[in-house]
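In this text, all values refer to a predicted model and were calculated from it rather than measured experimentally. Chain identifiers are assigned alphabetically (A, B, ...) following the order of the sequence lines, protein sequences preceding nucleic acid strands; residue numbering begins at 1 within each chain. Any value given below was found using the heavy atoms of this structure, including those in side chains, with hydrogens, waters and symmetry copies removed.
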Amino acid sequence: MSEASIYPFKKIEKKWQEAWRKNNVFSASVSCDKPKYYLLEMFPYPSGRIHMGHVRNYTIADVAARYKMAQGYQVLHPMGFDAFGQPAENAAIKNKTHPKTWTLKCIDWMRKELEAMGFSYDWNREVSTCLPEYYRWNQWIFLKMFERGLVYRKEALVNWCADCATTLANEEVIDGKCWRCKKEVVQKDLEQWFIRITEYKERLLDDLEKLDHWPSQVIAMQKNWLGKSEGVEIYFRMKGSDTILPVFTTRQDTIFGATYVVLAPEHPLVKQLIKDSPQEKEILDFIDKVAKETKTVRTASDVKKEGRFTGAYAINPVNNNEIPVWIADYVLMEYGTGAIMAVPAHDQRDFLFAKEHNLELKIVIESQNSKAGRQNELLEAYEGDGIQVNSAQFDGLSNQEAKVKIARWMEESGIGKKTTNWRLRDWLISRQRYWGTPIPVIHCDSCGIVPVKEEDLPVELPDKVEFSGTGGSPLSYVKSFIQAECPRCKGRARRETDTMATFFDSSWYFLRFCSPKYDKAPFDKKEAAYWMPVDQYIGGIEHAVLHLLYSRFFTKFLRDIGLLDLSSPIGDEPFLRLLTQGMVLKEGEVMSKSRGNIVDPDSIIKNYGTDTLRLYILFAAPPEAEMEWSERGIEGAFRFLNRVWRLLDHLDRLPKDAQISPILKKETHRAIKKVSQDLENFKLNTAISAVMELVNAIYREIETDIREAARVAVFLISPFAPHMAEEMWQRMGNNESILSAGWPEYDEKFLREETVTMAVQINGKVRSKVDVSCDITEDELKKTVLSDDKVKDRLKDEVIKKFIVIPKKLVNIVV
RNA sequence: GCGGACGUGGCGGAAUUGGCAGACGCGUAUGGCUUAGGACCAUAUGGAGAAAUCCAUGGGGGUUCAAUUCCCUCCGUCCGCACCA
């Protein structure tokens, strides 16, 4: 390749990035006469280097931002850094640098990389969550939650990652492993800080209905996570005592088939039941054994269900049958009441356990297809629908009907109560780490837990800390930090040393972007009212339940306390549209450091320029699908951009007598229409192919007057390859940035066709084609088609039964 | 087990209120331009066949004049949740 045929991307990209910065073209402000558009990407953790996932995420968004700007929207497109978190602390231990120094350096580095991609961020609005001017508002929001009873401290079994030396929220435990370090998570009894997110569960579930523009997958995942399940709590009485044992079930229709009861080993009743009994020791040993198992082992489906008989009996309240009480590892304390009624005939887990321990089995639902009397042949539990049998007054009903009636009957007779159970737990937010927002609370021996006064915020992180990397929060060794005065009694007190989970920081950053320098509240109510909700949010699917659930909760809470003024069709939901971009793969695997298959964006930018990288990453696959990295693909994108660039030469050499080509005119307007529609719907890969088609058409008509078509091509490519577009636009004689030149409009009149080629089908198979005028009548069309040689040939002796016309597309002759 | 997404050439992918399957790109082939080219230009490119033609959107079935698109069923892949009672 000769140098002359390669477009000077290095020079151009630098030139325009500087121009955009100098002229502040991406700064957003409240405007009365323009519609607003808030475009947001999930802000990155400042690891120091951007990877292809970032590139893809931010490029998708940047195209939308530039398109909306060109269309005349007032676009808010901010960027910031989710800057607290463990990697900084680990780096501190390893490199003997302070987490703050390390983080701020990484932020600088990353900001430069993002700028080199030419992204249209309003850098005046940048926020970093690790700075006191940001995290003081974390503390402020925490205090507001505290005031309203949404924050509490409780000793409980919590998830503990020994490797990270800290607690984890349920949402952070994936397959029993730590979401960050992938090491096994254990349960530990600790006193921790929780947020009562469960208070909002109904709203979090119901409002999912409003999110029409979210991927169904994310909606499903959140529903799943909230895990609403409706059933009945049934009260069993213990034989020989007044103790009541409530169990939860969604299958009250099987209550007559309950042949034993099972408690979780941790159930508080267990110790009381076995006290002084002969099997006490054996059972305590069993409980001990189960407690030592990790959750992954305990819940593995291939593990045999183990259990012990307690020696106690419970009374089934519907028929006064005495049934044995067992404990078993397959019943979990944290769900329902920690106790179940076992119906081995109609629940596979109970079935397996009953077989194992020789327990009674009683059929109460008969499948409609099966014959009665197969009790002894059961090979597995029957979990489907059917007709009630052995169920007293409910015999003969369908089980679905019985479900309703039994629930009502239980409520009326005091045997049970309709209950709704949720999977969602309260959110554990305290972490035993340094690099996070200090929880603004003081422990006083006489006053107990006392919140820090609002005017004393922020509680700043002390700079001087030791990072031993061995046990306990580094903050708990900083005497000057711990020593505090009780805000209430002024006595000597102790400052809380736990910090907040970083998901707290990211649950409201989108609101901070509306007024990032505001110092009277987390955000300016008026500014937020103008910009919110986020019109388009773009990020990875990995936050489907974590960040996206917390953010929805925060927004609702902040609205409830009157801080947020939201009036949109989605009410107190923060994100109108959500796009979850697919992952970038190499040889079918996710790019990752550990796999060593990373392609560094910097090297691509160096060799081909950022416009090529941007174009390629969007062209290779639809935004929400996975994409496979291909070096060949990069070259193809680069070739195409060079082809576009060479249009400048052809414009210089335009023949004096060049005529406007009606074909090219049509192609031009068709391209505007197609690209605009595709951009509207984030069909970016096909938008790019439409631009390619236009460029191909220009080259086919290169002898004609291509000026309009070339101008449009530059516009249409501008969201994807903004640097090249700016440069070409300028070289085509324009002084203003293409960003302020608007977006081309298409005119239907150029799209109208005089004639059209219609396919002629006989019995649904294409047999010929005819060129006809667009406004041909059906009679004339029929005549033309039937006089076509190929058709005549085919139809010789056939009788035409039907003649179907799809205007401008095809005719189908049925014989 | 429950829930979600998906299955189209050698490859990435187009086409959805049912209407010409394979747009666009990659790769490949042939030719041109060239001292040369991994640059550029032109042509071809789902499979079978000399051709007419036939076959083809994971498999099978259905609805229809017409199905990649709608329905049923089976197979397969990916993702989320899960001894959740």
Check the pair A:Tyr382 / A:Ile365 against side chain to side chain contact (heavy atoms under 4.5 Å, CB included), numbers first and verdict last.
-> CA-CA 8 Å; A:Tyr382 176 67; A:Ile365 291 167; 4.1 Å; yes
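- At least one side-chain heavy atom of A:Leu548 sits less than 4.5 Å from a side-chain heavy atom of A:Trp214.
- Checking B:C20, B:C79, B:A82 against the side-chain heavy atoms of A:Gln761 singles out B:C20 as nearest.
- Judged by distance alone, with hydrogens and angles left aside, A:Lys809 brings no side-chain donor or acceptor close enough to the base of B:C20 to form a pair under 3.5 Å.
- Counting only N and O atoms by type, the side chains of A:Asn696 and A:Arg643 include a donor and acceptor under 3.5 Å apart.
- Regarding A:Arg423, its CZ atom lies at a distance of 14 Å from the C1' atom of B:C83, rounded to whole Å.
- Taking atom P on both B:C20 and B:G12, the two are 24 Å apart, rounded to the nearest angstrom.
- Distance noted for atom P between B:U68 and B:G60: 13 Å (whole Å).
- RNA chain B is contacted by A:Lys683 of residues 667-684 of chain A, taking any non-hydrogen atom closer than 4.0 Å.
- Judged as a side-chain hydrogen bond (donor to acceptor under 3.5 Å, both in side chains), and not counting sequence neighbours, A:Glu542 has no contacts.
- In B:G46 the O4'-C1'-N dihedral to the base is more than 90° from 0, which defines an anti nucleotide.
- Going from the C1' atom of B:U30 to that of B:G22 covers 23 Å, rounded to whole Å.
- Here the shortest heavy-atom pairing between A:Lys182 and A:Lys177 reads O-CD, 3.2 Å.
- The side chain of A:Val766 lies closest to B:A21 when the candidates are B:G19, B:A21, B:C81.
- The NZ-C1' distance, from A:Lys177 to B:G80, rounds to 16 Å in whole Å.
- Spacing of P atoms, B:C72 relative to B:A85, comes out at 27 Å, to the nearest Å.
- Look at CG on A:Asn642: it is 15 Å from C1' on B:C41, rounded to the nearest Å.
- Between the CG atom of A:Leu352 and the P atom of B:G1 there is a distance of 14 Å, rounded to whole Å.
- Distance A:Leu332 CG to B:A85 P: 11 Å, rounded to the nearest Å.
- Here B:G19 presents its P atom at 17 Å from NZ of A:Lys808, a figure rounded to the nearest Å.
- Here, B:C33 and B:A42 have their P atoms 15 Å apart, quoted to the whole Å.
- The base of B:C81 lies outside donor-acceptor range of the side chain of A:Asn224, with no N or O pair under 3.5 Å.
- The side chain of A:Lys765 has B:C55 as its nearest neighbour among B:G80, B:C55, B:A85.
- Here, B:A15 and B:A82 have their P atoms 36 Å apart, quoted to the whole Å.
- Here A:Arg767 lies in heavy-atom contact (under 4.0 Å) with sugar-phosphate atoms only.
- Cation-pi geometry between A:Lys782 and A:Phe803 is met: under 6.0 angstrom from the ring centre, within 45 degrees of the axis.
- Straight-line distance between the P atoms of B:A5 and B:G10: roughly 29 Å, to the nearest whole Å.
- Aromatic pair A:Tyr699/A:His650: ring centres closer than 6.0 Å.
- Residue-to-nucleotide proximity on RNA chain B shows that, of A:Arg251 and A:Pro622, the 5′-proximal contact is made by A:Pro622.
- Atom name C1', nucleotides B:A21 and B:U28: the rounded distance is 22 Å, in whole Å.
- The residue among A:Val545 and A:Ile813 whose nearest nucleotide of RNA chain B is located toward the 5' end is A:Ile813.
- For A:Tyr746, there are no side-chain hydrogen bond (donor to acceptor under 3.5 Å, both in side chains) partners, not counting sequence neighbours.
- Paired runs in RNA chain B that reach 3 or more consecutive Watson-Crick or G-U pairs, where each pair keeps both distances under 3.5 Å, cover B:1-7 with B:75-81, B:10-12 with B:24-26, B:27-32 with B:40-45, B:46-48 with B:53-55, B:58-62 with B:70-74.
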Between the protein and nucleotides 23-32 of chain B, which nitrogen or oxygen pairs come in under 3.5 angstrom?
residue : atom : partner  : partner atom : Å
B:A23   : O2'  : A:Glu693 : OE2          : 3.0
B:G25   : OP1  : A:Asn696 : ND2          : 3.2
B:C26   : OP1  : A:Arg639 : NE           : 3.4
B:C26   : OP1  : A:Arg639 : NH2          : 2.8
B:G27   : OP2  : A:Arg639 : NH2          : 3.1

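- Here the P atom of nucleotide B:A82 and the CD atom of A:Glu334 are 10 Å apart, to the nearest Å.
- Remark: aromatic rings of A:Trp225 and A:Tyr550 are distant, center separation not under 6.0 Å.
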Apply side chain to side chain contact (heavy atoms under 4.5 Å, CB included) to the pair A:Val811 and A:Leu781, showing each step before the final yes or no.
-> CA-CA 9 Å; A:Val811 299; A:Leu781 178 63; 3.6 Å; yes
Would A:Glu233 and A:Lys418 satisfy side chain to side chain contact (heavy atoms under 4.5 Å, CB included), going step by step from the backbone distance to the final call?
-> CA-CA 6 Å; A:Glu233 203 168 286; A:Lys418 281 188 215 162; over 6 Å; no
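- The distance between atom CD of A:Glu380 and atom C1' of B:G1, rounded to the nearest whole Å, is 12 Å.
- In this structure, A:Lys305 forms a cation-pi arrangement with A:Tyr330, its terminal cationic atom sitting closer than 6.0 Å to the ring centre and no more than 45° off the ring axis.
- In this structure, the side-chain hydrogen bond (donor to acceptor under 3.5 Å, both in side chains) partners of A:Asn159, at least two apart in sequence or on a different chain, are A:Asn170, A:Gln187.
- When distances are taken from the side chain of A:Leu810 to each of B:C20, B:C84, B:C65, the shortest belongs to B:C20.
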Quick one: do A:Leu245 and A:His267 satisfy side chain to side chain contact (heavy atoms under 4.5 Å, CB included)? Show the steps, please.
-> CA-CA 11 Å; A:Leu245 172 70; A:His267 199 287; 4.0 Å; yes
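- Residue A:Ser216 has a polar side-chain atom (N or O) positioned under 4.0 Å from OP1 or OP2 of B:A5.
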